[in-house]
A.B. asks: 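The structure follows.
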Amino acid sequence: MIFSLLFQNDHDKANFTKLIDAIKESRKGKTLGVFLKDTTAGDFCESWRSNLKSERFEEVDIGASLGYIMCPKEDNEISIMKKASNVSVDVFNKYLKDQIMEIIDSDKKVKHTKLTEGVEAAMNDKKYVAGIDTSQLDVCYPPIIQSGGNYSLKYSAMSDRNYLHFGAIVCSLGARYKSYCSNITRTLLVNPTEAVQKNYEFLVDLEEEILKKMIPGEKLCEVYDAGLAYAQKTKPNLVDSLVKTFGFAIGIEFRESSLTIGPKCSALLKKGMVFNVNIGLANLTNPDAADKEGKVYALFIADTVMVNDEPPASILTASKKKIKNIGIFLKDDEEEDDEEEEQSSEKAPEILGRGKRTTVLENKLRSEHSTEEKRKQNQKALAQALNEKAKERLAKQGGAKETEKVRKSTVSYKSVNQMPREAEVKELKLYVDRKYETVIMPIFGIPVPYHISTIKNISQSVEGDYTYLRINFFHPGATMGRNEGGLYFHPDATFLKEVTYRSANTKEPGEISAPSSNLNNAFRLIKEVQKRFKTREAEEREKEDLVKQDTLILSQNKGNPKLKDLYIRPNIVTKRMTGALEAHTNGFRYTSVRGDKVDILYNNIKSAFFQPCDGEMIILLHFHLKHAIMFGKKKHIDVQFYTEVGEITTDLGKHQHMHDRDDLAAEQSERELRHKLKTAFKSFCEKVEAMTKQIVEFDTPFRELGFPGAPFRSTVLLQPTSGSLVNLTEWPPFVIPLEDVELVHFERVQFHLRNFDMIFVFKDYSKKVAMVNAIPMNMLDHVKEWLNSCDIRYSEGIQSLNWAKIMKTIVDDPDGFFENGGWTFLDPESDGEQGGGADSEESEEDEVYEPTDAESEDESEEDSDYSEASEDDSDESEEELGSDEESGKDWSDLEREAAEEDKNNVYRDEDRTAGKPAAKSRDRRREFDKHKSSSKHRRELHSKNKKKSNRPDHSHSSSRNKSNDKHRDRHNDSRKRSRDDSRDSGHHRSSKKSR
């Protein structure tokens, strides 16, 4: 059929006539397939529609049928849709989620429309979108941000101009790349209650159930019915709040209305179909909300998924949506501090003046004390559970016993026929059979074969005209300190310990060579065979406990996650080489530039780590394996892939200037390289996690929680992760999975030391303990807090313990160990020490002087005596000070006065026992002088509080008299102490008795 494409004055009537005639001739029918919903404007289209109407064809809508035909996507279409989905995920994770987090942290007021505009701008920003042509990128619909009680779970909704509310925040966005659409919806929850969290977890579980039912051959209505049945079974009270359909087909059209996961669509699923699965709960109430905007909330999640041969359907928009990933839990520190201050102020007594400063310190100490108390309570509970769990674990493992390793039997020749018929054997010379790794030695005229494994070492020496060859053999007792139980099959047999051969160095006439050449040749060959045997035995020893791995299934998909230009640690060969790491169906394969291959299966990975280049010179992926793998002739439990971010070494001889353009450009390029590598590694990790359905999940170390320590030779930064304690930068790496740790013990914890050590005891007691040395003492509380938050029991002590001996004792008799208290022996607050502490406190309390009633009366008498004596002494002191002759006395005068005082004291004691009071104040003064030296300490303790007398005929002295009396007492006491101290103390005891 030929059409005239030139401009026609008849407005294409001739062309339309030709087309209509051709339609009539086609199968002689009048049925015409059209797209009823698609109406195009323009003169040409209007003219064509009017010509069709005049012919009165029977029109049938073929939109649904054509949509079903085009719904299964080809490989190139799937590749484009995956890129579109990655754009949606990147914009949500890198821009929208971070923006909302920043708004919440800074407590800003931002409108929903403002966030929508930001998302549209981020779609074209290479900072968030990398690796695609942004000129062919667009949004499927204006991004939708909803919060504050106003929710519409439809993609035709628009973001309102209200401010973002910190409650349930529903975010929907979709990217269209090369005309193919994608979509993602997430709900961010700020401080959700337990009820809200359970509802959200139900929504995530419901999506997983729907994805399991999306298999080829299943009807869409059956998928909907399965999801509805799960909801009615799990949360029947939420069925009325569910959205009416659970998704729709997506492709060039954002929403294919004829293919919906609803109750009325009976279309069959096919491999390669792509759907937008969206599940939501609307009009939910939260009675515990703090404000009215949070009383009503909605939950909405959606993903772009693809139907596979086997369930479940694969998620193309792989963004984490568990509660720990979308929940934002805020703690108002100011309110907590205010509450603590109010509580402490209520409890604290009112202190005025200078005491106010003490109050602040007491509050501070009280809060610190409460934190320490909480930690101790948690540790006490962990200690109680520790021994019980260990007993249960050991009871289950009780039947398993380690089998002793028996040395492999090495037989040189199974029969005499295998003995070599060489001339050296017949001539009774030393002969080395390299094929059977045997040395044939002449002993008492008989050639005797010895396998190379029986030879311990050999030595050769030349003394004069002779050469000596000494051969030492293995025998019981040769290896001191080792367990030789299984090394010898017949330990009670007679063993040859050593043998020495001597040969002449001089050559006789007619001989080709000297006799000693046989010994020289034997020495060289024995060394060679021994080295080869030991190398092979070492390789077998490495392989003997290897677990056989599954075969790696290679994926031919070109879109496999892949990282290039990576180094591997440990090196495959001595020289390090770069290579590529690629993720396949059931594991990773690293291929070096030389062609060496290292396979790591997903089911053999115990822990996977991604350490970014923040504060480091390398960026790395690290795999800690369940079972060791073999490469480079050695087995390895840790494998690492890394690349260098900047220069590891710096040329100090090079002249550098801070404003040098070359240096500034180098710094800028390094920053760009860091960002590029970080993005590439992070994207690789996310793709692997999505591909393996979270079987492999990369953990990132928390650098801010790190602390220095020396697990090996050098001090490194140990960084906790969510489930391990690691140092991955230095080699060898240090990886401690916390699930394997029984308890942690701190050694050398003393105030005068700068560092302490940290011991990790594993649940497998046969495993050697791990030790970290030289941790700074100021990090002790930090480490304790971290361990306590992980619910790991810790203890501390001042000594370094012999852990090899301790663990051997436990393994030999575990029942006896736990009967004697188990791990409580590490606790410094054991019963014995607590008892000792209590006794010491009681002894200290006993030292505090508390007088009885009788003693208080005696002391009141002494105080009254002291007051009267001070009055008399004040008068006499004036007289004494005025006389130069009486100002000093010789030793004879002092002795005479002392004898008179002794007589007077005896009389006065007799009068007191008879109930008569002392008559003269002078005697009381002398008695006071005598008692002063012995009772000085007790009087000082109670002189401030005990100044009242029980006897009415004694009066109190003034402050001036007290000061004069004290001065005079010191003067007299200093003169008399040297002669009268012992005598006064004796009379003091007698006077106390009489009282």
Side-chain angles (χ1 to χ4, degrees), residues 89-123 125 127-128 142-153 157-173 184-197 199-200 284-301 319-345 363-364 367 371 614 700 702-705 785 789:
V89 172
D90 288 342
V91 172
F92 173 76
N93 286 336
K94 297 177 183 178
Y95 177 78
L96 182 56
K97 189 177 178 181
D98 288 349
Q99 283 290 316
I100 293 174
M101 293 279 287
E102 187 179 344
I103 291 167
I104 294 171
D105 285 341
S106 56
D107 199 10
K108 294 180 183 176
K109 286 188 175 182
V110 179
K111 293 182 179 179
H112 296 147
T113 51
K114 184 75 173 176
L115 281 171
T116 300
E117 293 170 2
V119 173
E120 291 179 352
M123 282 282 187
D125 192 343
K127 180 180 178 182
Y128 307 106
I144 306 168
I145 314 295
Q146 303 177 87
S147 67
N150 298 322
Y151 301 97
S152 176
L153 306 186
M158 300 291 290
S159 300
D160 56 31
R161 300 185 65 83
N162 294 333
Y163 289 109
L164 186 72
H165 177 258
F166 302 161
I169 306 169
V170 177
C171 309
S172 301
L173 63 95
I184 185 173
T185 301
R186 293 289 182 268
T187 303
L188 303 178
L189 300 173
V190 182
N191 284 341
T193 60
E194 287 293 330
V196 174
Q197 292 182 47
N199 292 341
Y200 182 82
L284 299 176
T285 56
N286 181 16
D288 298 329
D291 47 20
K292 65 177 184 178
E293 289 86 354
K295 296 289 184 184
V296 178
Y297 70 97
L299 302 174
F300 199 27
I301 57 174
S319 177
K320 296 177 182 179
K321 53 180 174 288
K322 292 184 179 179
I323 192 68
K324 65 179 181 180
N325 305 117
I326 58 92
I328 304 169
F329 298 89
L330 304 175
K331 289 183 180 179
D332 197 343
D333 295 335
E334 294 180 0
E335 290 182 3
E336 291 181 0
D337 293 341
D338 291 342
E339 289 177 3
E340 288 182 2
E341 287 179 4
E342 287 176 5
Q343 292 174 1
S344 60
S345 62
N363 289 341
K364 184 179 179 183
S367 63
T371 306
D614 300 331
T700 303
F702 301 116
R703 190 176 179 84
E704 60 275 9
L705 296 179
E785 190 63 37
S789 66

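Positions are given from 1, in the same order as the sequence printed here.
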A.B. asks: Kindly write out the residues that satisfy side chain to side chain contact (heavy atoms under 4.5 Å, CB included) with Asp98, not counting sequence neighbours, or none if the list is empty.
C.D. replies: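 With sequence neighbours excluded, Asp98 shows a side chain to side chain contact (heavy atoms under 4.5 Å, CB included) to no residue whatsoever.
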
A.B. asks: I'd like to know whether Leu188 forms a side chain to side chain contact (heavy atoms under 4.5 Å, CB included) with Ile104, so could you lay out the CA-CA distance, the side-chain angles of the two residues, the decisive distance to 0.1 Å, and finally the verdict.
C.D. replies: CA-CA 11 Å; Leu188 303 178; Ile104 294 171; over 6 Å; no

A.B. asks: Which residues pass the side chain to side chain donor-acceptor pair (under 3.5 Å) test with Asn199, sequence neighbours left out?
C.D. replies: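 Scan of Asn199 (side chain to side chain donor-acceptor pair (under 3.5 Å), adjacent residues dropped) gives Tyr297.
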
A.B. asks: Please tell me if the side chains of Phe166 and Asn191 come closer than 4.5 Å, counting only heavy atoms from C-beta onward.
C.D. replies: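 When only atoms from C-beta onward are counted, Asn191 and Phe166 do not touch, as no gap falls below 4.5 Å.
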
A.B. asks: Tell me, please, which residues at least two apart from Asp614 pass side chain to side chain donor-acceptor pair (under 3.5 Å).
C.D. replies: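 For Asp614, the residues satisfying side chain to side chain donor-acceptor pair (under 3.5 Å) (neighbours in sequence not counted) are Lys678.
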
A.B. asks: Any side-chain heavy-atom pair from Ile169 and Ile328 closer than 4.5 angstrom?
C.D. replies: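 No, too far: nothing below the 4.5 Å cut-off.
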
A.B. asks: With a 4.5 Å heavy-atom cut-off, do Cys171 and Ile100 have their side chains touching?
C.D. replies: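 They are in side-chain contact.
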
A.B. asks: Without swapping roles, check the side chain of Arg186 against the backbone of Ser319 for a donor-acceptor pair under 3.5 Å.
C.D. replies: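 Looks like yes, one N/O pair under 3.5 Å.
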
A.B. asks: In chain order, what residues pass the side chain to side chain donor-acceptor pair (under 3.5 Å) check against Asn150, with sequence neighbours excluded?
C.D. replies: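 Checked Asn150 against side chain to side chain donor-acceptor pair (under 3.5 Å); zero matches.
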
A.B. asks: How about Met123 and Leu173: do any of their side-chain heavy atoms sit closer than 4.5 Å?
C.D. replies: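 Touching, per the 4.5 Å side-chain cut-off.
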
A.B. asks: Who passes ring pair (Phe, Tyr, Trp, His ring centres under 6.0 Å) against Tyr128, sequence neighbours left out?
C.D. replies: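 Tyr128: ring pair (Phe, Tyr, Trp, His ring centres under 6.0 Å) contacts with Tyr95.
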
A.B. asks: For Glu102, what residues pass the side chain to side chain donor-acceptor pair (under 3.5 Å) criterion, not counting sequence neighbours?
C.D. replies: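 Once residues adjacent in sequence are excluded, Glu102 has no partner under the side chain to side chain donor-acceptor pair (under 3.5 Å) criterion.
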
A.B. asks: Under a 4.5 Å cut-off applied to non-hydrogen side-chain atoms, are Val110 and Gln99 in contact?
C.D. replies: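 Not touching, per the 4.5 Å side-chain cut-off.
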
A.B. asks: My understanding is that only residues two or more places apart in sequence, or in another chain, count here; which of them pass side chain to side chain contact (heavy atoms under 4.5 Å, CB included) with Val170?
C.D. replies: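 So Val170 forms a side chain to side chain contact (heavy atoms under 4.5 Å, CB included) with Gln146, Tyr151, Ser172, Thr185, Thr187, Phe300.
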
A.B. asks: Applying side chain to side chain contact (heavy atoms under 4.5 Å, CB included), can you list everything that pairs with Lys320, at least two apart in sequence or on another chain?
C.D. replies: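 Lys320 satisfies side chain to side chain contact (heavy atoms under 4.5 Å, CB included) with Asn325, Glu689, Gln694, Glu697 only.
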
A.B. asks: Applying ring pair (Phe, Tyr, Trp, His ring centres under 6.0 Å), name anything that partners Tyr200, two or more places apart in sequence or on another chain.
C.D. replies: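 In terms of ring pair (Phe, Tyr, Trp, His ring centres under 6.0 Å), with neighbours along the sequence ignored, Tyr200 is linked to no residue.
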
A.B. asks: Who are the salt bridge (charged side-chain N to carboxylate O under 4.0 Å, His left out) partners of Lys321, not counting sequence neighbours?
C.D. replies: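 So Lys321 forms a salt bridge (charged side-chain N to carboxylate O under 4.0 Å, His left out) with Glu207, Asp303.
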
A.B. asks: Give the C-alpha distance, both sets of side-chain angles, the deciding distance and a yes or no for side chain to side chain contact (heavy atoms under 4.5 Å, CB included) between Ile301 and Ile326.
C.D. replies: CA-CA 11 Å; Ile301 57 174; Ile326 58 92; over 6 Å; no

A.B. asks: Got a sec, which residues hit side chain to side chain contact (heavy atoms under 4.5 Å, CB included) with Gln197, two or more places apart in sequence or on another chain?
C.D. replies: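 Gln197 satisfies side chain to side chain contact (heavy atoms under 4.5 Å, CB included) with Pro192, Glu194, Ile323, Phe329 once adjacent residues are dropped.
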
A.B. asks: By the side-chain hydrogen bond (donor to acceptor under 3.5 Å, both in side chains) test, which pairs, at least two apart or in different chains, include something from residues 110-123?
C.D. replies: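 Only His112-Ser147, His112-Asp160, Thr116-Ser159 qualify under side-chain hydrogen bond (donor to acceptor under 3.5 Å, both in side chains).
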
